[in-house]
Every structure is written in C-alpha cells, then in structure tokens.
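So that the names make sense, note that chain A is the first sequence line, chain B the second, and so on, each numbered from 1.
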There are 2 protein chains.
Amino acid sequence: MAVTSTAEQGRTFIDEGDPADHFFNITSGTARLFKSLPDGRRQITGFAGRGHFLGLAVSNSYAFSAEAIEPVQYCRFSRAKLRMMLDDFPALEKRLLDVASNELVAAQEQMLLLGRKTARERVASFLLARRLESAACVSPAVHVHLPMTRSDIADYLGLTIETVSRTLTGLKADKLIGIPHPSEIIILNHQGLTAQAGGH
Amino acid sequence: MAVTSTAEQGRTFIDEGDPADHFFNITSGTARLFKSLPDGRRQITGFAGRGHFLGLAVSNSYAFSAEAIEPVQYCRFSRAKLRMMLDDFPALEKRLLDVASNELVAAQEQMLLLGRKTARERVASFLLARRLESAACVSPAVHVHLPMTRSDIADYLGLTIETVSRTLTGLKADKLIGIPHPSEIIILNHQGLTAQAGGH
DNA sequence: CGATGAATTGAAACTTGTCAACGGCAGTGG
DNA sequence: CCACTGCCGTTGACAAGTTTCAATTCATCG
C-alpha cells in the first residue's frame with residue numbers, strides 16, 4: 001500500500017500525462033515540478049521539498065512531471081489507499097485542503113511574476129523567496145543556498161540561463177548580493193533587494 | 001449568515017490584502033481575479049463564472065482582488081459559517097478539495113503559458129480554452145464570446161493590449177479566425193489554431 | 001449626431017533571447 | 001600526479017519579439 005522509495009539525483013519519478021495512480025509525500029530531498037511543451041520548452045512550476053504532497057490531480061493523469069535535483073525520499077500511496085485514508089481521517093482532508101489552498105496562493109503569486117515582472121524583479125523575488133524558505137526566521141541569515149542549476153532557475157522564472165546569470169551579476173555589481181559560489185548567494189542589502197523585487 | 005448579493009459591472013467585491021472574512025460562491029455573471037503591483041501593473045489570474053468558489057485562502061487576508069466584468073450575483077458566507085458547514089457536510093470538503101485541485105492544475109497550465117509561450121501561442125491557447133468553456137460540447141461551435149476587454153485579455157496573458165490586438169489581427173489574416181465584432185471570435189480552422197497554440 | 005472610450009494600426013525603442021566563445025570546476029584515466 | 005573531458009556558468013555581440021508612444025478608426029450611448 002504505502003511504499004517508501006528513494007529517487008537518485010536526476011531521476012524522474014512522476015511523468016506528466018501518465019495515469020495518476022499514486023499520491024506522493026516527500027520525506028527528504030528536493031524535486032523540481034515542471035510541465036513541458038512538445039518542442040522541449042519547459043516551465044518549472046515549483047520546487048518540492050520535505051513534507052510536500054504531490055499528485056493531488058483530480059483528473060486521471062498527472063498534470064506535471066517531478067524529477068529529483070537532490071536525492072529524494074518519498075512515501076507513495078495508491079489512490080485507492082488515499083481515498084480510504086481520507087474517509088478514515090477527516091482531518092487529513094482538511095490538511096490537504098489547506099495545502100492546496102496555499103499552493104494556489106503561491107501559484108497566483110508566480111503568475112504575477114511570470115506575467116508582469118522584469119527579469120531583475122523576478123530574480124530578486126526568487127532570492128528573497130528562497131531566503132524565507134531556507135531560514136524560516138527573521139535573522140540576518142543573509143545566506144541563500146541554491147540547490148538547483150541556472151537552467152532550473154531560468155525555467156522557473158520564465159527566462160534564459162544567460163539572463164539569469166547576467167541579472168545575478170548585475171545585482172552583485174550593485175552590491176545587493178554576493179556570489180561566493182554559483183550555488184551560494186549572500187544577501188548584502190536586504191532592503192535594497194526588496195526594492196528591486198517590484199513590491200509585494 | 002449566508003447572504004446573496006449582486007455586484008454591478010466594474011464593482012470590486014474582493015480586495016487583495018483585506019482580511020479574508022468571507023467565502024464566496026458565484027451564482028451568475030463573470031468576475032476577473034487579479035493581483036496588482038504597487039505601480040499599477042496587474043496580472044489577472046483567472047476569470048470566475050457561475051459555480052466558482054472564491055476566498056479559499058488559508059491566510060487571514062485575500063491573495064487577490066475580484067471585480068465584476070458582468071453583473072455578478074454571489075452567495076457570501078462568513079468563515080465561521082463555512083467552518084461549521086464543513087464540519088456538518090464532509091462531502092463539501094471533498095468537493096472543495098476537488099475544486100482547489102482543478103484550479104491548481106489550471107494555474108500550472110497558465111504558468112507554462114506565461115513563462116514559455118509566445119504571444120501568438122498565448123492568444124491561440126486563450127481562444128481555445130474559451131471555446132471549451134463556452135461550449136462544453138465538441139460541436140463545431142466555432143463561436144467564442146469574449147465578455148472581457150482587450151485590457152483584461154492582455155493582463156491575463158501577460159501581454160499588452162496592442163500585442164493582443166495585433167495577434168488577433170494576424171490570426172485573422174491567416175484565416176484561422178474571424179472577428180465579426182471585438183467581443184465575438186469565430187474559429188474558422190480549429191486544427192490550425194491548435195497548431196498555433198504550441199501543443200498541449 | 002456628436003462624444004467618449006475601446007480597439008486597431010504604425011514607427012521606434014528596449015528588454016530579453018540567440019548564438020558563440022571562454023573559463024572554471026569535477027571526475028576520469030593514463 | 002596531471003592532462004583530458006565534459007558540464008556548468010559567465011560574458012559578449014547581435015537579432016528578434018514585444019513594448020512604448022502616438023495617431024486613427026471603430027463602437028456605444030446619450
């Protein structure tokens with residue numbers, strides 16, 4: 001029924017369009033969630049970490065793919081099992097509704113970013129969101145870790161690798177951030193970076 | 001507790017950022033749902049018609065605004081009342097979870113559109129989606145009604161009014177659609193239009 | 001019929017994408 | 001141990017799609 005599995009880095013463990021037989025709960029690691037166009041263009045709709053639920057789709061096929069960017073451990077249920085659990089534990093249903101509502105709010109925020117923000121605003125927003133995620137405190141934890149590649153960031157922000165790279169370089173030139181390592185960003189001027197994020 | 005109200009055209013009946021005290025169920029009309037940036041840029045995250053639920057937010061403030069583009073009738077509940085109803089009718093919770101899941105899938109599709117599709121692909125996708133919505137049948141119901149302005153379409157597709165207009169003109173020039181009236185589109189070549197929508 | 005706002009069209013500017021070259025780091029194998 | 005190889009990231013020059021600004025036409029309504 002409920003099976004615990006591991007997906008090594010790079011492994012696609014959910015395929016867009018496949019029959020949505022299962023429901024996933026990530027217990028460790030990070031995955032990218034994405035949709036693809038026939039010609040290969042890709043839009044990453046989010047990054048899923050510990051505690052995330054995947055496969056809520058009502059339809060009978062997955063609406064997106066999921067791929068491990070760090071080794072991912074997850075717990076997998078059949079849909080039948082999920083239905084049984086929902087019947088047995090009404091609280092779980094409430095929890096899932098909360099989760100879905102939150103994701104919906106996040107999705108709307110991302111639509112605003114993709115539809116109306118400039119490249120600089122997108123990257124600044126991304127860094128600030130990442131910071132919130134890594135350090136849930138309000139500390140001067142100016143250190144942001146990026147487990148994903150520039151390609152992932154680009155596909156998440158609706159930009160190209162080059163624009164992401166140039167924009168990060170530009171933010172560094174303006175002394176808003178530091179880049180000790182491609183996957184490590186230091187926020188030097190939080191207020192200034194917020195001002196570049198286009199409000200909100 | 002549950003109050004039925006009407007919002008005349010142009011009326012904003014949900015304000016982004018306001019305390020999320022109520023939950024809405026639209027019984028007739030159409031509303032635009034949108035988020036705004038401080039400088040006035042706007043992203044429409046969706047259009048809500050008959051049967052739509054609004055205000056699912058978990059947080060204590062609305063994540064978006066809602067404004068009537070046609071006179072909108074809705075049923076309004078206090079959050080407390082909603083909670084009571086959810087306790088009394090578990091089926092309602094299932095229903096809301098289904099609704100939220102579907103909206104999430106739609107939101108992800110929209111992210112793909114906003115992040116990775118060209119103007120022409122966006123407009124073609126929009127027309128096809130509208131057609132599905134207006135005529136739920138597979139008939140040659142090539143007639144699509146657009147109750148929203150070009151400005152709304154632009155803010156929904158992450159484009160400008162001018163680009164939307166030019167793109168529609170272009171599709172007409174290619175004999176894929178007809179435009180008897182700005183708010184009435186006729187799909188002349190469904191297959192061809194689908195090909196322009198960028199797959200999916 | 002005139003007035004007002006929406007929609008269309010045109011020309012120029014700008015942001016971002018594309019193509020290409022280069023540099024750096026890691027893993028591999030001689 | 002060190003060259004080799006491949007991938008990732010950065011940088012540059014140029015092209016392209018979309019936006020901006022402006023003018024014109026078209027619908028709606030009093």
Side-chain angles (χ1 to χ4, degrees), chain A residues 8-10 32 37 39-44 69-70 113-127 144-174 177-185 196 198, chain B residues 8-10 32 37 39-44 69-70 113-127 144-174 177-185 196 198:
Chain A
E8 70 274 23
Q9 187 170 359
R32 54 177 163 246
L37 289 172
D39 62 5
R41 281 175 289 175
R42 187 180 69 155
Q43 178 65 40
I44 293 182
I69 63 180
E70 296 171 324
L113 180 148
L114 292 170
R116 285 300 176 225
K117 289 190 178 180
T118 65
R120 179 169 267 240
E121 289 169 338
R122 294 184 200 195
V123 173
S125 299
F126 174 70
L127 292 176
V144 178
H145 177 65
L146 305 177
M148 67 292 288
T149 66
R150 291 291 183 273
S151 179
D152 287 334
I153 298 174
D155 283 346
Y156 181 56
L157 299 180
L159 300 169
T160 59
I161 307 175
E162 293 92 332
T163 299
V164 170
S165 182
R166 273 187 259 271
T167 305
L168 285 170
T169 304
L171 292 173
K172 185 175 75 173
D174 292 348
I177 64 173
I179 313 180
H181 184 84
S183 65
E184 299 294 332
I185 304 288
Q196 298 290 314
Chain B
E8 70 274 24
Q9 184 171 0
R32 53 176 163 248
L37 289 171
D39 62 6
R41 281 175 290 175
R42 185 179 71 154
Q43 177 65 40
I44 292 182
I69 62 180
E70 296 171 324
L113 180 149
L114 293 171
R116 286 298 176 227
K117 288 190 178 180
T118 65
R120 179 168 266 239
E121 289 169 339
R122 295 183 200 196
V123 172
S125 299
F126 174 70
L127 292 176
V144 178
H145 176 64
L146 304 178
M148 67 291 287
T149 66
R150 292 288 183 273
S151 179
D152 286 334
I153 299 174
D155 283 346
Y156 181 57
L157 299 180
L159 300 169
T160 58
I161 306 174
E162 294 92 333
T163 299
V164 170
S165 181
R166 272 187 258 271
T167 306
L168 285 170
T169 303
L171 292 173
K172 184 176 75 174
D174 291 350
I177 64 173
I179 312 180
H181 184 86
S183 65
E184 298 295 333
I185 304 288
Q196 297 291 313

So which protein N/O to nucleotides 11-15 of chain D N/O distances come out below 3.5 Å?
from, atom 1, to, atom 2, distance (Å)
D:dT11, OP2, A:T169, OG1, 2.6
D:dG12, N7, A:R166, NH1, 2.8
D:dG12, O6, A:R166, NH2, 3.3

Partners passing side-chain hydrogen bond (donor to acceptor under 3.5 Å, both in side chains) against A:S165 (at least two apart in sequence or in another chain) =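 So A:S165 forms no side-chain hydrogen bond (donor to acceptor under 3.5 Å, both in side chains) with any residue.
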Kindly say whether [Y] contributes a backbone atom to a donor-acceptor pair with the side chain of [X] at under 3.5 angstrom?
| X | Y | value |
| --- | --- | --- |
| B:R150 | B:E162 | no |
| A:Q9 | A:I69 | yes |
| A:Q43 | A:D155 | yes |
| B:R120 | B:L168 | no |

A:I177 and A:V144: CA distance, side-chain angles, deciding distance, side-chain contact (heavy atoms from CB on, under 4.5 Å) verdict | CA-CA 10 Å; A:I177 64 173; A:V144 178; over 6 Å; no
Rounded to the Å, how far apart are [X] [atom1] and [N] [atom2]?
| X | N | atom1 | atom2 | value |
| --- | --- | --- | --- | --- |
| B:L114 | D:dT18 | CG | P | 13 Å |
| A:L159 | D:dT10 | CG | P | 14 Å |
| A:E184 | D:dG9 | CD | C1' | 15 Å |
| B:L168 | D:dC26 | CG | C1' | 16 Å |

Residue pair A:Y156 / A:I44: nearest heavy atoms and the distance that separates them =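 A:Y156 and A:I44 have their closest heavy atoms at CD1-O, 3.2 Å.
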Minimum-distance pair of heavy atoms, taken over all atoms of A:L114 and A:G158 =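 Closest heavy-atom pair between A:L114 and A:G158: CD2-N, 3.7 Å.
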Residues which pass salt bridge (Lys or Arg N to Asp or Glu O under 4.0 Å) with B:R41, listed by chain and number, not counting sequence neighbours =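 In terms of salt bridge (Lys or Arg N to Asp or Glu O under 4.0 Å), with neighbours along the sequence ignored, B:R41 is linked to A:E121, B:D39.
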Which residues in residues 149-158 of chain B have at least one heavy atom lying under 4.0 Å from any atom of DNA chain C?
-> B:T149, B:R150
Show your reasoning for whether side-chain contact (heavy atoms from CB on, under 4.5 Å) applies to B:L157 and B:K117.
-> CA-CA 10 Å; B:L157 299 180; B:K117 288 190 178 180; over 6 Å; no
Considering only heavy atoms of chain B and a distance under 4.0 Å, specify the first and last nucleotide of DNA chain C in 5' to 3' order that meet this criterion.
-> C:dA7 to C:dA11
Identify each atom pair where a protein N or O and an N or O of nucleotides 28-30 of chain D are less than 3.5 Å apart, giving names and distance.
from, atom 1, to, atom 2, distance (Å)
D:dT28, OP1, B:H181, NE2, 3.4

Mind checking whether A:Q196 and A:T118 have side chains closer than 4.5 Å, heavy atoms only?
-> no
Under the side-chain contact (heavy atoms from CB on, under 4.5 Å) criterion, do B:R42 and B:D152 qualify, and how do the steps go?
-> CA-CA 9 Å; B:R42 185 179 71 154; B:D152 286 334; 3.0 Å; yes
Check against side-chain contact (heavy atoms from CB on, under 4.5 Å), A:L171 and A:L127 | CA-CA 11 Å; A:L171 292 173; A:L127 292 176; 4.2 Å; yes
